[in-house]
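Chain identifiers are assigned alphabetically (A, B, ...) following the order of the sequence lines, protein sequences preceding nucleic acid strands; residue numbering begins at 1 within each chain.
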Amino acid sequence: MNETDNTITTTRSGRDLSDAPDIIVCKGVSKWYGDFQALEKISATIKEQEVVVVLGPSGSGKSTWIRCINRLEHHQEGDIIVDGVELTNDMRNIEKIRSEVGMVFQQFNLFPHLSVRDNVTLAPIWVRKKPKAEAIEQANELLELVGIPEQADKFPGQLSGGQQQRVAIARALAMEPRIMLFDEPTSALDPEMIKEVLDVMKDLARSGMTMMVVTHEMGFAKEVADRIIFMEEGQIVEVGTPEHFFTNPTEDRTKLFLSQIL
Amino acid sequence: MTAPVEQPPSTRLAVAQRVPLWRDVVVLKWFTQVSLLAVVLAALWLFVGQAGNNLRAKDITIGFDFIDRPVDIQLSEGIDTLPNSGGRALWVGMVNTLRVASVGIVFSTILGIFVALSRLSNNWMLRKVGAMWVESLRNVPLLVQIIFYSSILATLPRTSFLDPTAAAGPLNQNQGPIHNWLHISNKGVSLPRVFIADGFYQWAIVILLGAIAAHFVRKKRLKQHDDTGRETSPILWAAGTLAIFGFVGLFIHPVFSFVGPIMGGIASLIDSLTIPMTQAVISIVAVLLALRWIRKFRTDRRSGSGHLNLSDDDWFRMIFAGLASALVIVVIYKWTGLSSWLLNSGQDLFRLAETKFNVDGAARPFDAMRPDVLKPGNFANYGKNGLTMTRGFAAVFFGVTFYHSAHIGEIVRGGILSVPKGQVEAASAVGLNRAQSLRRVILPQAFRISLPPLGNQYLSLTKNTSLAIAVGYSDIVQVGQTIYNQTGKALPVMSVWMLFYLACSLTISVVVNFFNMRLKLVER
C-alpha cells in the first residue's frame, strides 16, 4: 500500500473529485488497547463530497478508525486533520470538529427520554444556540427528509428499528455537519428495514454530503461509493473504486475476503 | 364470499358442554379468594380474642383516654416542652420526628449526589474520599453512629449556668461579641432567630407583587431564549426581580397600610349578610360550577369533527357532577349552622387581616431575637427564642443524614452507571459538552432509574429517626414510651406509633410514585 493508492480521480458518477479540497486527512494514525494494536499507521485522505465505504472483517479496526475521527476514541500516534482542524487534546478543537461531523451508530443511541422532535432539536438548541421555533421547523424538515414526519411526537421506544435509525440520521443532520460518519448503520436492523435506511443514505450521498460508511452492505458499496477502503488487522490493505475492488482486486487478502462474502 | 364454513364437531362440543365447577377458572378464582379471606378473618379473631383475654387477666385496659388526660412529662425540645395532655405530648413528638426526618431527607439527597459524583470523578483523591465515605458510613450500624455523634458533641464546653465557676468565663452571654450571636456548647448550637414582626403583612403584599412581576420577567426571558437562542437565564432574572422587590419592600411597605380598612370593609360586608342570602349564593355557585364542568367535559369529549361520543362512564361522571351540586344544596339548607359558621369565620378572618394591616407605619417586617442560653433553667429551655440545634437533634440529624447519604450515593452512582455508554457517545457526537450531556442526557435517565430505590431510602430514613430514643431526642417513640410507662397503655400508644409511621411512609410513597409515573419512558 502506498500513498498514491489513496488518490482517486474518477468516481461512480463520473465526477472528478481530484480538485476537491481534502476534508479528512489521516497521517500514520495508530492506536493501541493495552498491548493490542487496533490501528496501525493508517494514512488516508478523503475529499469533500466523497463517499467512502470502509469494508473489512470484524475486528479489523474499521469502527475504531471512524470513531477516532470525531474523537470518541483517541489515537495515540499520527495526525488526524478534519476540515483544517487538527484533533488534539485541545477541547476547543474537539468541540469544533464534533459540531462539523455527524455520526450514526449501529445501536441508534437515541435519547429514550426525549420525543423524536426533541432528539433532533436538542443539539441545535443547546450547542448551536438556535431559536427554538427555528430548530423545530428544521427538525420537521429533516424528519420529512428521512420520511417519518408523522412520528415527531412519539418516543424512540415506540418506533421500529428502521425508523429509529432514520431519526438518528435526522438528529445528526440537524447540526448541519459537513461530514457524516456511519458506523454499521444497518447491522442491528431486520432485513426488511435495511432498505429504508439505505435509501435515506443514498439520497444523502446524492446531495453532495461527504460520507464515511462502515458497512457490510455490498450492494450499497457498489452503488454509492466513490471509493472503497479495505481494512484488515488494523491496516489499510487496499483502496480503489468499487469497480476495481469488486472485479479486479490486487491483494490476496481482498480476494479472500470477497470470496467469503460474495 | 363463500358459503358459511361448517364448524368442526369438536369445537361445537367444547362450546356446548358445561364446565364442571371444580374446573371452572372463574369459580376457582372466587373460591380461593373467599377461603383465603375466611382464614385471615379467623386468625384475626383468634389473636384479638386471645390478646383481649390476656389483657383482662392482667387487668390492663386498652383505650385512648390518655390522649385527653394530663401527663407529667417534660420534653427535651419541641413546639411545647411541657405539654398538658398525652395527645399534645404525642403531637409534639410527631412534629419533632417530622422535623428531623424532612431535614434529613433533603440533606442526605444533596450529600448523596455529591458522593456519587465524586466517586465517578476522574480525580483520584475525590474518588477515594467518596469510597471511604460510603464504606465507613454504611458499614457501621446507625445506632452506633448516633450515639457516637452525641458523645462527640458532649465533649464541647459546658454551658456556664450548669457550671457556676464558669459564670464569668468565655461563655457568658454578655461578654465578647461572638457570644451575643452564636453559642456553642455541649447542649447544642444556638443562633439568633429572625421572626415575623408587625410590618410583615404589608411587606408580604410587596412580595406578592414581586412574585407576579418575576413570573412575567421569567416568561419574557424564556421567550427571548426561544427567539434568539441566546442563554437568557430566566430563573436568575426572576429571582433577581423578586429580590429587588423584597429589598425595596423593606423600606416602602407602609404604603400598603390602606389594605387594612379594605379588609375591615369586607368584614363589615360579610357581617351584613343574612343566612338565607348565604344559602342562596352557595347554591347558585354550586349549580353554576357543576354546569360549567359538564360543559367543559362535553367539549373535551367532542372529536375533531364535532361528533360527541360519550361512554357509560362519561355519563356516570356527568350525572355525578350534577348529584354533587345537589348534595351541596341539600347540606347548605338542612344545616343552617354551617352557613352561620361560614359567615362568622369569614368575618373573623377579615377582621384578623384588618388588625394585621392596621399597624404603626414604622413597624418593621422582621425582627431578630437572641437565644437565651445562660438563664438558669433546665435542659428544655436551652436556646429558647433562638434558632437552636440541640445535641439530640444534631446527633440524630447527622446520623441519618450521613448514613443514608452513603446509601443514596451508591444508588445515584448506580443510576448514572446504568445509562448506556452509547448515550454519552451520542451526546458527544452531536456536540454537547460534558456539562450539557450530564444535564440533558445522563441525569434525566439516571434519575429515572434511581427514583424507586431512592424512595426506599426516604422511607427507611424516616423510620430510622426512631433511634432518637437512644440520645434522648423527644421524637414520637421517646414521648410514647414515656407515656406508656406512666399510664400502662402500651398497645394504644403502639397503635399510634404504627399509624403515624404508616401515614409518613404512604405519603412518601405517593410522592415518589407520582414522580415515577411522570418520568416513565414511553414505549409502544
Chain B-proximal positions within residues 66-74 of chain A [heavy-atom distance under 4.5 Å] | A/Arg67, A/Asn70, A/Leu72
From A/Phe105 CZ over to B/Glu425 CD, what is the distance, rounded to the nearest 0.5 angstrom?
-> 5.5 Å
NZ/A/Lys129: more than 12 non-hydrogen atoms of other groups inside 6.0 Å = yes
List the atom of A/Phe111, the atom of B/Ala426, and the distance in Å for their closest heavy-atom pair.
-> CE2-CB, 4.0 Å
Relative to chain B, which of A/Met103, A/Arg171, A/Lys96, A/Glu100 shows the most heavy atom pairs under 4.5 Å?
-> A/Arg171
Check whether any side-chain heavy atom of B/Val441 sits under 4.5 Å from a side-chain heavy atom of A/Leu114, and report yes or no.
-> no
Which region of B/Gln423, side chain (C-beta onward) or backbone (N, CA, C, O), has a non-hydrogen atom less than 4.5 Å from a non-hydrogen atom of chain A, or is it both or neither?
-> both
Determine whether more than 12 heavy atoms belonging to other residues, nucleotides or ligands lie under 6.0 Å from atom CD of A/Glu137.
-> no
Please check if atom CZ in B/Arg292 has more than 12 non-hydrogen atoms from other residues, nucleotides or ligands closer than 6.0 Å.
-> no
May I ask you to name which of A/Val101, A/Val104, A/Leu110, A/Ile94 has the most heavy-atom pairs under 4.5 Å with chain B?
-> A/Leu110
Name the region of A/Gln107, side chain, backbone, both or neither, that has any atom closer than 4.5 Å to a heavy atom of chain B.
-> neither
Of the non-hydrogen atoms in A/Arg98 and B/Gly431, which two are nearest, and what is the gap between them?
-> CB-CA, 4.3 Å
Sidechain-backbone polar pair: B/His225 side chain, A/Lys132 backbone, donor-acceptor under 3.5 Å | no
Are there more than 12 heavy atoms of other residues, nucleotides or ligands under 6.0 Å from atom NZ of A/Lys202?
-> yes
Specify the closest pair of heavy atoms between B/Asn433 and A/Glu95, including all atoms of both residues, with the distance to one decimal.
-> CB-OE2, 3.6 Å
Distance (rounded to the nearest 0.5 Å) between A/Met175 CE and B/Leu432 CG | 8.0 Å
